[in-house]
Amino acid sequence: APALLKFFTEEFAGILVTDFWAAYNVVVCAGRQACLVHLFRELERVDELDRSDSWAAFRKKLKRLLADAIRLGAQRQTLPPESFASRRALLDTRRDEFLEAPWDNPHAKRLLKRLRRYRNALFTFLDHSGVPSDNNHAEREIRPAVIIRKNSLCNRSDNGASVQAILMSVYRTLKLRGLDPLETLVDALKAYVRTGALPPLPGPKTSDR
């Protein structure tokens, strides 16, 4: 959490889509979407550990609730607005009933604590067009950094890990903004030599047309 606070010094005005790592909770943002794919993976993992009827009942009901939410999201453009709104409200009712129901299974109880904590972050993607129900995009974006770390036989110190994380974050951000990362970094270092201060991170490159 302290590491995140070092970089997230201002409120994020968008929807933060993450897995369930608790450190993300310190980031102040306009809204949150928890990754539903991670929930499905957790259900599959517990399936291998628990074959009881009590777990099967919990898993079946939760899986159906999440699948119905994802299906509704896919129908956003085809359903009449009134029908979409009605089904969206019903999902909230089903979610609350599910979370408040008594479940005796120990794995169910553990997951319920997490689900109750993220109650308002399960279906945010249904309220904001363009917000996904998973964090697959974020994981794809950090994949290049993970590959570099692996190919370089990992970092040799905490300081090295921190430097790599910062450089890769800056590099990837510049790339996504349509800028040449190396050229931009060289220009920033030149400005630092002249002024003693690094310039702010440039915004997205605008089209010349």
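Hydrophobic clustering (side-chain heavy atoms under 4.5 Å, transitive across Ile, Leu, Val, Met, Phe, Trp, Tyr) keeps L90 apart from L72. Both L66 and F84 belong to a common hydrophobic cluster when Ile, Leu, Val, Met, Phe, Trp and Tyr are linked at side-chain heavy-atom distances under 4.5 angstrom. No continuous path of hydrophobic side-chain contacts links F125 to Y24 [ILVMFWY only; heavy atoms under 4.5 Å].
When atom types are taken as modelled, the side chain of R76 and the backbone of L126 share a donor-acceptor pair closer than 3.5 angstrom. S162 contributes no side-chain N or O that, together with a main-chain N or O of D158, makes up a donor-acceptor pair within less than 3.5 Å. The backbone N or O of P80 lies less than 3.5 Å from no partner atom in the side chain of S83, so there is not a single donor-acceptor pair. Panel note: side chain Q33, backbone L122; a donor-acceptor pair is recorded below 3.5 Å. R114 contributes no side-chain N or O that, together with a main-chain N or O of F20, makes up a donor-acceptor pair within less than 3.5 Å. With hydrogens and angles ignored, the 3.5 Å screen pairs a side-chain donor or acceptor of T173 with a backbone N or O of S169. Distance alone, capped at 3.5 Å, is enough to place a donor-acceptor pair between the W103 side chain and the F98 backbone. Side-chain atoms of R32 never come within 3.5 Å of backbone atoms of I15 as a donor-acceptor pair (strictly under, hydrogens ignored).
Salt bridge R119/E100: present, at least one basic N to carboxylate O contact under 4.0 Å. Salt-bridge annotation for K175 and D180: absent, with no side-chain N of the basic residue lying under 4.0 Å from a carboxylate O of the acidic one. Between R87 and D68, none of the side-chain N atoms (NZ, or NE/NH1/NH2) sits under 4.0 Å from a carboxylate O, so this pair counts as no salt bridge. In summary, E42 and R110 engage in a salt bridge, as defined by a charged side-chain N under 4.0 Å from a carboxylate O.
Taking the six-membered ring for Trp and the full ring otherwise, F123 and Y118 have centroids separated by 6.0 Å or more.
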Steps toward side-chain hydrogen bond (donor to acceptor under 3.5 Å, both in side chains) verdict (S157, N159): CA-CA 5 Å; S157 66; N159 186 57; 5.2 Å; no
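At a threshold of 4.5 Å between non-hydrogen side-chain atoms, the residues V170 and T184 do not count as touching.
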